[in-house]
Amino acid sequence: MPDLWELSVEETAARVRRREVSASEVLESCLARTAQVEPLIGAYLEIFEGESRVRAAEIDRRIAAGEDVGPLAGVPVALKDNLSVEGRAVTCGSRILAGYVSPYTATAVERLLDAGAVPVGRANMDEFAMGSSCENSAFQKTRNPWDLATVPGGSSGGPAAAVAAGSVPLSFGSDTGGSIRQPAALCGVVGVKPTYGRVSRYGLVAFASSLDQIGPFARTVRDAALGLQVIAGADPNDATAATEPVADYLEGIEEGVAGLRIGVIREIDPSRLGGDVAANWRASLDRLTHLGAELVELSVPSVEAAIAVYYVIATSEASANLARFDGVRYGRRSPEADNLADLYFESRSEGFGPEVKRRIMLGTFALSSGYYEAYYGRARGVLERMRHELGAAFRAADLLATPTTPSAAFRLGEKVDDPLAMYLSDVFTTPANLTGLPGIAVPSGTDADGLPLSLQILGRPFDEAGMFRAARAFEREMGWVVAPGFRGAEKV
Ligand code: GLN
């Protein structure tokens, strides 16, 4: 008999709804597992121990009274710490939000609560979601459960590590340039960046508003699909949330990929990747062919500019979005200042970490008069070309496949002094954000060191169902089980 924390999201909710097990028992199992692994990985900034127990007990009471509590009945979930929950701190991994308490709840979180989920804590992240290793958190470093000397990826390192370690079966993060898919890849779990607009951003602290999307992490494709199902859909509080109907993601998910055309982008050249990544990528393509998919080679030249374009657009938007953290309206206020200009200067100097400052400066520069056309304007031009080229690619193919990341998990400290090397972690994930496409990261095996590698599948806008179906076929063929070894720990 597996422990309750090992059950899938689907199984957990089904058993809780049938009253074979209580939400409280599931929660206790997850809290016990968390107590065991958390000292090793540091995935959480706060665990809602008391409140989650109260909520699980309430769900059990409602079920006992014959109420339908929803498709995530009793499922413990972790939330990246940029998702607002009324009455709770939300720090975005930053000191600048010290003391801030959220006055409202994010739509995605509201929907999780309506579906019967039990939030268990605020998970660690790179400050303001800027980073690829979780090392930019102002509070703590999160470690990768596969090897404690390596990073979990970022910026949603906490939610990814929590799921990989078995603390929760489902967690939620945000993806602006790869922040769900890249940590999912490094932690050997499934991560989904939905189509832009599929999920309301209301209550997600903004990084780059035209790129940000909330999405799930889970141990299996089906569980990730269920997680997205619950949070997807229109929202009157977010004008960019699409009114497109939400498909039933589980309905055709087992149908396989036979006959589907999967595009492979010529400009993503595996020989440029590390040896294991290239070999794993070729093996993934063989698997897809074996499953009956037809591989189509395509040219999308603009993807080579994706990182450059992303770092102009994302930093420009961030410099505007982060202007609100001025020491007056939210969180931290410097005690040093004696006039308004100093108050802004001191509060921001003390409150923001070095990477956030770098991004604000880059973005302010890219938007400044005399440079706007040369940087921001030009980046928008390349982005339009990328949209056009990817649109054409999706006429020749139903889905696209790429590796998710250019390497497996790297060592803590390895890239902290080399921002460009860190930025390149997202070389394959940024095109989906820039063009709004949905993407999923699905485990594709391990490298010679036993660390996870990952396949990325991109779909047409709002074709999450097609993307899930292909990822599920691939996962079944892989027979992947998320079982990190906590290398470097005494015993787990
Ligand atoms: N790693 C990328 C960055 O640092 C992407 C971050 C994200 O998706 N939030 O900007």
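Order of appearance sets the numbers: ligands from 1, and atoms from 1 within every ligand. Here the structure is a predicted model, which is why all the values come from computation and not from measurement.
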Electrostatic pair R332:E350 at N-O distance under 4.0 angstrom |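 Yes, charged N to carboxylate O under 4.0 Å.
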Would you mind checking if D235 and R201 are paired as a salt bridge, meaning a charged N to carboxylate O distance below 4.0 Å?
->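 Looking at D235 together with R201, the answer is no, because their closest N to O distance does not fall below 4.0 Å.
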What's the shortest distance from [atom] to any protein heavy atom, and which residue and atom give it?
{"atom": "atom 1 (N) of ligand 1", "value": "D426 OD2, 2.4 Å"}
{"atom": "atom 5 (C) of ligand 1", "value": "Y310 OH, 3.3 Å"}
{"atom": "atom 9 (N) of ligand 1", "value": "S179 OG, 2.7 Å"}

So, S133 and K415: side-chain donor and acceptor under 3.5 Å apart, yes or no?
->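 Distance-only check fails for S133 and K415.
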Do Q182 and T404 have side-chain atoms, one donor and one acceptor, less than 3.5 Å apart?
-> no
Should Q182 be listed as contacting ligand 1, given a heavy-atom distance under 4.0 Å as the test?
->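 No; Q182 lies far enough from ligand 1 that no heavy-atom distance drops under 4.0 Å.
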Any N or O of [X] closer than 3.5 Å to N or O of ligand 1:
{"X": "K80", "answer": "no"}
{"X": "G154", "answer": "no"}
{"X": "D175", "answer": "no"}

Give me the one residue out of L434, V312, T435 that meets side-chain contact (heavy atoms from CB on, under 4.5 Å) with L383.
->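 Passing option: L434.
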Hey, is [X] touching ligand 1 through its side chain, its backbone, both or neither, going by heavy atoms under 4.0 Å?
{"X": "S155", "answer": "side chain"}
{"X": "F207", "answer": "side chain"}
{"X": "T176", "answer": "both"}

Check: Y371 ring centre within less than 6.0 Å of F365 ring centre | yes
Could you tell me whether the side chain of R88 reaches within less than 4.5 Å of the side chain of S102, counting heavy atoms only?
-> no
Beyond-backbone contact of P406 with V277, side-chain heavy atoms, under 4.5 angstrom =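 Side-chain contact under 4.5 Å: no.
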What are the atoms of ligand 1, with element, lying closer than 4.0 Å to any heavy atom of [X]?
{"X": "A129", "answer": "6 (C), 7 (C), 9 (N)"}
{"X": "M130", "answer": "4 (O)"}
{"X": "Y311", "answer": "2 (C), 3 (C), 4 (O), 10 (O)"}

So F128 and F325, would you call those rings parallel, tilted or perpendicular, with 30° and 60° as cut-offs?
->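 Aromatic pair F128/F325 classed tilted.
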